[in-house]
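These notes are about the structure you will find just below.
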Amino acid sequence: MFTKKTIRDVDVRSKKVLLRVDFNVPLKDGKVSDDTRIRASLPTIRYLIDHQAALIVCSHLGRPKGKVVPEMSLRPAADRLGELIGLHVTFVPDTIGPVVQAAVEGLRPGGILVLENTRFSVQETDNDPAFAADLASLADLYVNDAFGSAHRAHASTEGVAHLIPGVAGLLMESEITYLGKALQDPEHPFVAILGGAKISDKIGVVESLLRTTDMLLIGGGMANTFLAARGLDMGDSLVEADAVATAADILKASKDKIVLPHDAVVAQAVEAGAPTRIVSVESVHAGWRILDIGPATVELFSQSLKGAKLVVWNGPMGVFELAPFDVGTSAIARAVAESGATTIVGGGDSIAALKHAGVADKISHISTGGGASLEFLEGKTLPGVAALQDNAL
Ligand code: ADP
Ligand code: MG
């Protein structure tokens with residue numbers, strides 16, 4: 001299934017290894033406030049250290065747009081990595097250049113350096129060959145474990161792999177293996193659940209999943225545009241007028257695979273504690289907006305998951321950030337977790353919803369890459385993966 005070489009296929013002992021990770025973590029008061037992405041890279045880092053590689057770690061963080069923005073320094077991420085792995089981690093306050101070269105020269109097998117934010121240089125996102133060459137000159141081998149950035153052809157995610165041998169890390173391998181199942185050889189019944197605010201972000205995914213799923217449950221704001229395409233009045237709900245025609249085409253082509261909500265929780269304001277009503281999707285009136293799926297839909301979707309062998313979920317069923325509009329999303333999170341199927345969940349808000357419902361540890365695979373997982377599920381080639389060495393079988 002996974003056709004690229006991984007760190008297990010090469011000899012890393014005493015090699016200088018440039019490891020691209022996704023340490024694009026949220027910071028608060030100069031500290032990492034959610035270290036999920038750092039933890040996700042630990043298996044690869046531990047493997048490389050245990051096998052006596054000299055490790056040079058790089059990543060982007062945020063969108064500094066080619067300028068040095070001190071609040072987006074990777075130093076807090078380097079500190080957190082050191083705490084998590086229980087080893088000394090040296091932070092180098094530059095990404096390329098003499099300071100980095102000197103630090104790399106002094107790096108011994110089993111040692112770890114973390115370089116400064118790759119996006120402090122505009123050459124990173126430009127995939128500038130000279131910048132890629134400077135990065136490549138630091139190491140004998142390149143390892144890409146940054147699944148969350150694999151849909152971008154940047155210098156540290158793609159360019160560098162053309163200059164020194166590039167292989168995949170363990171997180172990259174596991175992400176592609178799980179998501180690849182959904183795309184290429186899913187176990188059936190395969191049920192996907194899509195939600196979130198906008199369908200325009202996810203039309204490609206809907207079309208791609210329609211080819212492989214047995215059933216596609218659609219909730220959240222996305223569902224409103226589909227319901228509008230069926231001719232229903234959505235009142236003041238979020239509807240993407242530009243996407244209604246496309247939604248109608250998709251419904252026509254979907255051969256009844258798409259299941260839409262039957263009822264909804266509506267309110268007159270998006271506010272905690274706003275008075276709510278449960279209504280049929282056929283009775284959403286002006287002044288009211290859909291903010292969650294209703295209890296009959298929770299029941300319908302939960303029943304649809306029973307007996308599934310593979311479940312993919314992306315996108316909350318409602319405005320789950322605000323009680324009581326989290327009820328539908330939390331119920332679906334539990335139904336996914338208890339489905340007994342292989343379960344794959346992606347998307348920043350969906351993962352937050354899993355944690356909110358307390359079921360994150362019951363999911364087979366939580367994808368660390370929002371945009372990357374969507375592009376992969378659309379069937380697009382991820383440049384950061386394509387540039388890695390093929391594994392001759
Ligand atoms: P993910 O990050 O999991 O990919 P998205 O970013 O696509 O998910 O969507 C999450 C957002 O969708 C949340 O902010 C949520 O409030 C919003 N949302 C879900 N349902 C609705 C709705 N009915 N009306 C407005 N916004 C909604
Ligand atoms: Mg989101």
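Read the numbers this way: they start at 1 and go in the same order the structure lists the ligands and their atoms. Numbering starts at 1 and runs along the sequence shown.
Looking at Met234, Glu321, Arg289 and measuring to atom 13 (C) of ligand 1, the nearest heavy atom belongs to Glu321.
Atom 8 (O) of ligand 1 has its closest protein heavy atom at Pro316 CD, 3.5 Å. The closest protein non-hydrogen atom to atom 19 (C) of ligand 1 is Gly318 O, 3.1 Å. Of the protein's heavy atoms, Gly221 N, 3.3 Å lies nearest to atom 21 (C) of ligand 1. Nearest protein heavy-atom neighbour of atom 9 (O) of ligand 1: Gly196 CA, 3.2 Å. In this structure, atom 27 (C) of ligand 1 lies nearest to the protein heavy atom Val319 CG2, 3.7 Å.
Contact annotation: the side chain of Ile112 never approaches that of His88 to less than 4.5 Å [non-hydrogen atoms, C-beta and beyond]. In this structure, the side chains of Arg20 and His60 come closer than 4.5 Å at one or more pairs of heavy atoms. Residues Val270 and Leu322 have side chains in contact (heavy-atom distance under 4.5 Å, counting atoms from C-beta outward). Side-chain contact check for His356 versus Asp326: some heavy-atom pair is nearer than 4.5 Å.
The closest approach between Lys198 and ligand 1 stays at or above 4.0 Å for every heavy atom of the residue. Within the 4.0 Å heavy-atom shell around ligand 1 one does not find Gly370. The closest approach between any non-hydrogen atom of Asn314 and ligand 1 is below 4.0 Å.
For ligand 1, the polar-atom distance check finds an N/O of Ala197 within less than 3.5 Å of one of the ligand's N/O atoms. Annotation: Asp349 places an N or O atom under 3.5 Å from an N or O atom of ligand 1; distance criterion only. Residue contacts with ligand 1: Ile290 is placed with a nitrogen or oxygen under 3.5 Å of a nitrogen or oxygen of the ligand (distance criterion only).
The backbone N or O of Thr368 sits less than 3.5 Å from a side-chain atom of Glu175, completing a donor-acceptor pair. In this structure, the side chain of Glu116 engages the main chain of Leu74 through a donor-acceptor pair within 3.5 Å.
Both Leu377 and Leu216 are members of a single hydrophobic cluster when ILVMFWY side chains are connected at heavy-atom separations under 4.5 Å. Taken together through direct or relayed side-chain contacts under 4.5 Å among Ile, Leu, Val, Met, Phe, Trp and Tyr, Val298 and Val259 form part of one hydrophobic cluster.
Restricting Asp349 to its N, O or S atoms, the one at the least distance from the Mg ion (ligand 2) is OD2.
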Checking side-chain contact (heavy atoms from CB on, under 4.5 Å) for the pair Leu48/Ile7: CA distance, chi angles, key distance, verdict? CA-CA 8 Å; Leu48 291 168; Ile7 49 175; 3.9 Å; yes
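Those atoms of ligand 1 that come under 4.0 Å of a heavy atom in Gly220, given as number and element, are 20 (N), 23 (N). Here is the list of ligand 1 atoms found below 4.0 Å of a heavy atom in Ser350: 1 (P), 3 (O). Listed by number with element, the atoms of ligand 1 under 4.0 angstrom from any heavy atom of Lys202 are 4 (O), 5 (P), 7 (O), 8 (O).
If you check the side chains of Ser350 and Asn314, you find no donor sitting under 3.5 Å from an acceptor.
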